[in-house]
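All of these numbers come straight from a predicted model, not from anything done at the bench.
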Amino acid sequence: MIRPIIEFLIAIGGLAVTPILFYHFPKLPPKKSSHIEFPLLSIIIPARNEEHSLPLLLKDLQDQSFALFEIICVDDNSTDLTAHTAKNFSVPVLSLHNKPDDWAGKCWACQNGANAASGDLLLFIDADVRLGQDAIYRLLQAYCDCNIPISVQPFHILEKNYEQLSMFFNFIQLAANGTTLKNPSATGLYGPIILISRSDYKKIGGHESVKQSVVEDMALANRLKESNIPYKVFVGDHELAFRMYGTGIKNLFQGWTKNIATGAANTPIDLLIMVFLWTTSVISTPVHILLSAISAKYFLMLIYTPLYITWVFLLNFYAKKIGLFKLWAIIFFPIPLATFILIFAISGFKKILGFKVTWKERSIK
């Protein structure tokens, strides 16, 4: 009798921490009407095999309401037409070959891009990011308001059904980073969009100081903390968005396998406990309904079914703030949830045993 009560309390506990973990979603302020004098900005795009995503980002940059910036596309030894695509937009291309073995690919590309840049501010932006017309202005405005490094987790654009499987990765990434707490205390940056001054970048040793890190945004945040440099994180909107894994479900599995266990390892213990309770509660509700149906324990089904409906309403409410998640993925949330559990288990297994993961046609430890 005690066990069912404990299990039910865990389920209720997860619901209770939801408004704590997702208290608010810090957005970049809207563009102000008055003109602001901004420092010279260099936009660095690390790109490996991005011939499909890159032209969309470069077109967005062409259409910006604020155009006083430098763009450098760093072609990280691509095997497709990435470099050719950038040149079609008259964007300078820095082509890299013979990456040193002790460097992770993205760190190698970002550091070389920073070395070639002339701006006082460095904006590292992934090729799959999408920008509204005022996005660069808003980023610079936010930076000048706080005068510390800033980072944005973009709003997630999802077009194909398999992309909906990313739902719980998005939720847990934000929660585990502390971004959506009442008093945000972010444990890491967000790799797709990082804006930092050249002086702060040099103080932390740039990407060279984290050159072996697979999840360089977490590592860079640690370097900022070690150097006593505060930073601020935001959650994107339709003007600061991305489409992460639009090239296939294999790409989605590889990308999240690379990231998720390392992120968990960097989460503070108190926050990790809340995230674990939240995740356990979401998992336990459909599991109890299924087991109760199999064992004909209809009383338990009557207890957990309202909890399931509650989770659907909560997930639907919060999912709208982070991405274009479809109603079917929310109603049948056990499907993306099972994907999260599977990939997290594989990622954790590989991390613990030191196995390699594959990303962008590279094998990475």
Are [X] and [Y] close enough that their ring centers fall under 6.0 Å?
X    : Y    : answer
H207 : Y201 : yes
F340 : F169 : yes
W256 : Y245 : yes

Do [X] and [Y] come close enough that some side-chain heavy atom pair is under 4.5 Å?
X    : Y    : result
I44  : L122 : yes
L54  : T82  : yes
I289 : T305 : yes

Any donor-acceptor pair under 3.5 Å linking the side-chain atoms of [Y] with those of [X]?
X    : Y    : result
S284 : E7   : no
D217 : S151 : no
Q173 : Q153 : yes
N177 : T187 : yes
D75  : S78  : yes

Verify the neighbour count for atom [atom1] of [X]: are there more than 12 heavy atoms of other residues, nucleotides or ligands below 6.0 Å?
X    : atom1 : answer
K320 : NZ    : no
H24  : NE2   : yes
Q62  : CD    : yes

Please report the interatomic distance [atom1]([X]) to [atom2]([Y]), rounded to the nearest 0.5 Å.
X    : Y    : atom1 : atom2 : answer
I346 : I341 : CD1   : CD1   : 12.0 Å
S209 : Q111 : OG    : CD    : 8.0 Å
M274 : I20  : CE    : CD1   : 6.0 Å
S292 : F299 : OG    : CZ    : 10.5 Å
S213 : L220 : OG    : CG    : 7.5 Å
L123 : I196 : CG    : CD1   : 11.5 Å

Inset, instruction - Not counting sequence neighbours, which residues clear side chain to side chain donor-acceptor pair (under 3.5 Å) with D126? List them please. - result: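 Result, side chain to side chain donor-acceptor pair (under 3.5 Å) vs D126: K106.
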Inset, instruction - For residues 138-165, pull every pair meeting salt bridge (charged side-chain N to carboxylate O under 4.0 Å, His left out), keeping only residues two or more places apart or in separate chains. - result: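 Applying salt bridge (charged side-chain N to carboxylate O under 4.0 Å, His left out) to every pair that reaches into residues 138-165, excluding sequence neighbours, yields K32-D145, R138-D237, R138-E239, E159-R243, E163-R243.
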Inset, instruction - Applying ring pair (Phe, Tyr, Trp, His ring centres under 6.0 Å) between F333 and each of Y308, W311, W328, report the one that passes. - result: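 Result for ring pair (Phe, Tyr, Trp, His ring centres under 6.0 Å) with F333: Y308.
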Inset, instruction - Give a yes or no on whether I193 and I148 share a hydrophobic cluster (residues Ile, Leu, Val, Met, Phe, Trp, Tyr; joining criterion: side-chain heavy atoms under 4.5 Å apart). - result: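 No, I193 does not connect to I148 through the hydrophobic network.
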Legend entry - T280 and its side-chain contact (heavy atoms from CB on, under 4.5 Å) partner, picked from I10, V275, T285: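 Output: one option passes, namely I10.
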Legend entry - Test: K31 and D134 ion pair at under 4.0 Å: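 Salt bridge: yes.
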Legend entry - Residues K211 and D102 bridged, charged N to O under 4.0 Å: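 Here K211 pairs with D102 in a salt bridge, since their nearest N and O are under 4.0 Å apart.
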Give every donor-acceptor pair under 3.5 Å between a side-chain atom in residues 11-18 and any protein atom, sequence neighbours left out.
{"from": "T18", "atom 1": "OG1", "to": "G14", "atom 2": "O", "distance (Å)": "3.0"}
{"from": "T18", "atom 1": "OG1", "to": "L15", "atom 2": "O", "distance (Å)": "3.3"}
{"from": "T18", "atom 1": "OG1", "to": "W278", "atom 2": "NE1", "distance (Å)": "3.1"}

Legend entry - Geometric class of the F25/F22 ring pair [parallel <30°, tilted 30-60°, perpendicular >60°]: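 If you compare the ring of F22 with that of F25, the planes turn out parallel.
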Inset, instruction - Would you sort out whether E226 and R223 count as a salt bridge (Lys or Arg N to Asp or Glu O under 4.0 Å), showing the intermediate values? - result: CA-CA 5 Å; E226 291 167 3; R223 292 290 297 124; 2.7 Å; yes
Legend entry - Nearest non-hydrogen partners of Q64 and A135, listed with the distance: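 Here Q64 and A135 meet closest at OE1-N, 3.4 Å.
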